[in-house]
Asks: 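Mind looking over this structure? Questions follow.
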There are 2 protein chains.
Amino acid sequence: MDVRTLCLAALSRGDATGYEIKKMYESGPLAHFQGASFGSIYPALSRLLDDGLVQAEAREQDGRPDKKVYRLTERGREAFRGALTGPPPEPETIKSDLLFMLMFATEMTPTHVTDLIKARVTELRSLADRIEAKASDCGVGDDCGETASAGFFREPGPKFVAGYGVTIYRAAADYMERHQTDLVREIETARAALPNMAAE
Amino acid sequence: MDVRTLCLAALSRGDATGYEIKKMYESGPLAHFQGASFGSIYPALSRLLDDGLVQAEAREQDGRPDKKVYRLTERGREAFRGALTGPPPEPETIKSDLLFMLMFATEMTPTHVTDLIKARVTELRSLADRIEAKASDCGVGDDCGETASAGFFREPGPKFVAGYGVTIYRAAADYMERHQTDLVREIETARAALPNMAAE
DNA sequence: CCGATATTATATCGGGCCGGCATATATCGA
DNA sequence: TCGATATATGCCGGCCCGATATAATATCGG
């Protein structure tokens, strides 16, 4: 997804600065499933300004550098709807460093493989929990979603997507936990059958 | 994953040209979970050559431009093992254009949402089937994996990884199918409650 | 039998994006 | 008080993808 489109999407939910857009994709209502860095957000906003898809209002700030608050123009809103309606997204495949490394599991020590998988399982469960916490109303006292994203996850789209994330992360963690011991056992026998495994 | 490491990994399974490495990640034994383009493979091989991690042997070819067959040096093999042992991979999160688009499902027509999800479900099932076909021995008559990758998926690592892929892709397809109707119904009621939805 | 297309093979280039860095201030905890 | 963190913008090196160029052979349909 184009960072310019990502900016339009963020601004469709309200005016914001570049810094705030970044936060939305990092820990705010748009976190998970997409991300963008400062190095792409600020140039993207400049281009959107040139193209007339956003307006900027410079607000003088106590001390800090002037804050530039961006707002969608009508043309910007159309462009965003166009991106949503437009060409269907390319088929997405799983890209994973860990999975790739594990294809060469016989080149690693069983201990290392175990550590790698254990760490990943923890990460996956924590990711699922974080989505669930954010989605399940964040009802009580905590500050939860910060920028007025309270009701966002009651909308059908975010609810569907959050459920997807939780389901997939849990399925991944479950698979790894269930097949971990088999994998390690098979590596051990494979390495025992192989030569020079002295001091690794 | 660094494309240089990807090249080392491919060459650790046997000598190959840049073109053949590309094929391995496209449809060969290393397909799924990682990929690389010509625009990164050829420069990567050049750098690996400069750094002494691979050797190149130019083979004169009948007619076609000279084939450069690359081979891992001992230092290259060490570097690859280092990458496997080295810093654990960063936590990986799901990145998905479709999921992101669906967060704004209320801005789309129910028909469009249905089409999008149906197409993705088909893709996911086909992806899972392809992995399963490649992993389940490709035993009989078909040409299956081409370049001598017959037994690769009987090794513990690839078997574990293939199972992961099949499981996750199926789980994703299942989730989408099971929650699709709910999503569409909720969009419809949400849009009915909203203004100016005449000619979209 | 001829032309269109695919395949084998290498390489460059533009553009997009990430991560690190620079800059400036204010506040909060150790 | 000193470093870390947060607010806020922006540049730059480097990595990578996708498109394109080049070039010769193979193959299949008309």
Side-chain angles (χ1 to χ4, degrees), chain A residues 1-8 10 15-28 34-51 54 56-70 83 87 89-93 95 97 100 143 146-147, chain B residues 1-8 10 15-28 34-51 54 56-70 83 87 89-93 95 97 100 143 146-147:
Chain A
M1 194 66 94
D2 208 292
V3 177
R4 289 199 303 290
T5 309
L6 257 32
C7 289
L8 293 177
D15 300 353
T17 66
Y19 187 82
E20 284 165 342
I21 292 175
K22 176 87 200 290
K23 274 201 309 181
M24 279 190 229
Y25 283 103
E26 218 166 58
S27 55
Q34 290 293 324
S37 68
F38 288 129
S40 53
I41 288 176
Y42 286 116
L45 286 171
S46 297
R47 265 194 62 183
L48 290 171
L49 196 60
D50 291 344
D51 298 352
V54 301
E57 186 197 345
R59 282 191 204 158
E60 290 166 42
Q61 201 71 15
D62 42 313
R64 296 188 198 73
D66 274 13
K67 192 191 271 198
K68 279 181 216 158
V69 180
Y70 291 93
E90 300 268 300
E92 283 151 20
T93 59
K95 298 288 158 191
D97 284 6
F100 182 75
D143 77 290
E146 286 120 29
T147 43
Chain B
M1 191 69 94
D2 209 293
V3 177
R4 289 199 302 291
T5 309
L6 257 31
C7 289
L8 293 178
D15 300 354
T17 66
Y19 187 82
E20 285 166 342
I21 292 175
K22 177 88 201 291
K23 275 202 307 181
M24 279 189 230
Y25 283 103
E26 218 166 58
S27 55
Q34 290 293 326
S37 67
F38 287 129
S40 53
I41 289 176
Y42 285 116
L45 286 171
S46 296
R47 265 194 62 184
L48 289 171
L49 196 60
D50 290 346
D51 297 352
V54 301
E57 184 197 346
R59 281 191 205 159
E60 290 167 41
Q61 199 73 12
D62 43 313
R64 294 189 200 73
D66 274 13
K67 193 190 269 195
K68 278 183 218 157
V69 180
Y70 292 91
E90 301 269 298
E92 283 152 19
T93 59
K95 297 288 158 192
D97 284 6
F100 182 75
D143 77 290
E146 287 120 29
T147 43

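Atom set for the values below is all heavy atoms of this structure, side chains included, hydrogens, waters and symmetry mates excluded. In what follows, chains are A, B, ... by sequence order, proteins preceding strands, each numbered from 1. Treat the numbers as computed from the prediction; the structure is a model and nothing was measured.
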Asks: Starting the side chain at C-beta, find the nucleotide from C/dT10, D/dC16, D/dG10 nearest to B/Val3.
Replies: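 Among C/dT10, D/dC16, D/dG10, the one nearest the side chain of B/Val3 is D/dC16.
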Asks: Round to the nearest Å and state the distance from A/Gln34 atom CD to C/dC17 atom P.
Replies: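 These atoms are roughly 11 Å apart.
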Asks: In whole Å, what is the span from the NZ atom of A/Lys95 to the P atom of C/dC18?
Replies: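 Atom-to-atom, A/Lys95 to C/dC18, this comes out as 17 Å.
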Asks: Just compare C/dT10, D/dC17, D/dA8 and give me whichever is closest to any side-chain atom of B/Ala36.
Replies: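 So the nucleotide nearest the side chain must be D/dC17.
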Asks: Can you tell me how far CD of B/Glu26 sits from OH of B/Tyr19, rounded to the nearest 0.5 angstrom?
Replies: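 Those atoms lie 8.0 Å apart.
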Asks: For A/Gly39, which contact category applies under a 4.0 Å heavy-atom criterion: base, sugar-phosphate, or nothing?
Replies: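 Answer is base: heavy atoms of A/Gly39 come under 4.0 Å of a base.
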Asks: Backbone N or O of A/Cys7 within a donor-acceptor pair of the A/Tyr70 side chain at under 3.5 Å?
Replies: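 The answer is no, because no donor-acceptor pair under 3.5 Å joins these two groups.
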Asks: I want to check one thing: is the phosphate of D/dC17, taken as OP1 and OP2, less than 4.0 Å away from some side-chain N or O of B/Ser37?
Replies: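 For D/dC17, OP1 or OP2 has a side-chain N or O of B/Ser37 closer than 4.0 Å.
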Asks: Assess whether atom CD of A/Glu57 is packed by more than 12 heavy atoms of other residues, nucleotides or ligands within 6.0 Å.
Replies: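 Counting other residues, nucleotides and ligands, CD of A/Glu57 exceeds 12 neighbours.
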Asks: From C/dA9, D/dT7, C/dC18, pick the nucleotide closest to the side chain of B/Tyr19?
Replies: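 Closest of the options to the side chain of B/Tyr19: C/dA9.
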Asks: Would you say D/dT7 has OP1 or OP2 under 4.0 Å from some side-chain N or O of A/Lys22?
Replies: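 No.
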Asks: Can you measure A/Arg59 atom CZ to D/dT7 atom P for me and round it to whole angstrom units?
Replies: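 Whole-Å distance recorded here is 16 Å.
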Asks: If I compare all heavy atoms of B/Lys22 with all of B/Ser37, which pair ends up nearest, and what's the gap?
Replies: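 In terms of heavy atoms, the two residues are closest at CE-CA, 4.0 Å.
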Asks: Under 4.0 Å: is that the gap between some side-chain N or O of A/Ser40 and OP1 or OP2 of C/dG16?
Replies: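 False: A/Ser40 side-chain N/O out of range (4.0 Å or more) of C/dG16 OP1/OP2.
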Asks: Output, in order, the C-alpha distance, side-chain angles, deciding distance and verdict of side-chain contact (heavy atoms from CB on, under 4.5 Å) for A/Leu6 and A/Ile41.
Replies: CA-CA 9 Å; A/Leu6 257 32; A/Ile41 288 176; over 6 Å; no
Asks: I need the minimum non-hydrogen distance between B/Arg4 and B/Arg47, along with the two atoms involved.
Replies: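 Nearest pair, atom of B/Arg4 first, then B/Arg47: NH1-NH1, 3.3 Å.
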Asks: Hey, which of these two, A/Gly35 or B/Lys68, hits DNA chain C nearer its 5' end, going by closest nucleotide?
Replies: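 Closer to the 5' end of DNA chain C: B/Lys68.
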Asks: Counting only side-chain heavy atoms from C-beta out, which of D/dG10, C/dC18, D/dT7 sits nearest to A/Lys23?
Replies: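 Nearest nucleotide to the side chain: D/dT7.
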Asks: To the nearest Å, give me how far apart CG (B/Leu45) and C1' (D/dC15) are.
Replies: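 In whole Å, D/dC15 C1' and B/Leu45 CG are 15 Å from each other.
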Asks: Counting side-chain heavy atoms from C-beta on, which of D/dC17, C/dG19, C/dT10 comes nearest to B/Tyr42?
Replies: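 For the B/Tyr42 side chain, the nearest candidate turns out to be C/dT10.
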Asks: Measure CD1/B/Ile41 against C1'/C/dT8 and give the value in whole Å, please.
Replies: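 From B/Ile41 CD1 to C/dT8 C1': 14 Å.
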Asks: Between C1' on D/dT7 and CD1 on A/Ile21, what's the gap in Å once rounded to a whole number?
Replies: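 Atom CD1 in A/Ile21 sits about 15 Å away from atom C1' in D/dT7.
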Asks: Which comes earlier along DNA chain D counting from the 5' end, the contact point of B/Arg47 or that of A/Glu90, where each point is its nearest nucleotide?
Replies: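 Comparing both residues, the 5'-ward one is B/Arg47.
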Asks: Write down the distance between CG (A/Leu48) and P (D/dT9), rounded to a whole number of angstrom.
Replies: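 From A/Leu48 CG to D/dT9 P: 15 Å.
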Asks: Measuring from the side chain of A/Asp2 (C-beta onward, heavy atoms only), which nucleotide among C/dC17, C/dT8, D/dT9 has the closest atom?
Replies: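 The answer is C/dC17.
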Asks: It should be established whether A/Thr17 places a side-chain nitrogen or oxygen under 4.0 Å from OP1 or OP2 of nucleotide D/dT9.
Replies: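 Yes, such a contact exists.
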Asks: For B/Glu20 and for B/Pro43, locate the closest nucleotide of DNA chain C by heavy-atom distance; then report the residue assigned to the nucleotide nearer the 5' terminus.
Replies: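 Mapping each residue to its closest nucleotide by heavy atoms, the 5'-most match is B/Glu20.
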Asks: Using purine N1 to pyrimidine N3 plus N6-O4 or O6-N4 for Watson-Crick, or N1-O2 and O6-N3 for G-U wobble, each under 3.5 Å, what pairs with D/dA24?
Replies: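 Base partner found: C/dT7.
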Asks: Nearest whole angstrom, please: distance from the C1' of D/dT22 to the CZ of B/Phe38.
Replies: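 Spelled out: CZ on B/Phe38 to C1' on D/dT22 is 14 Å.
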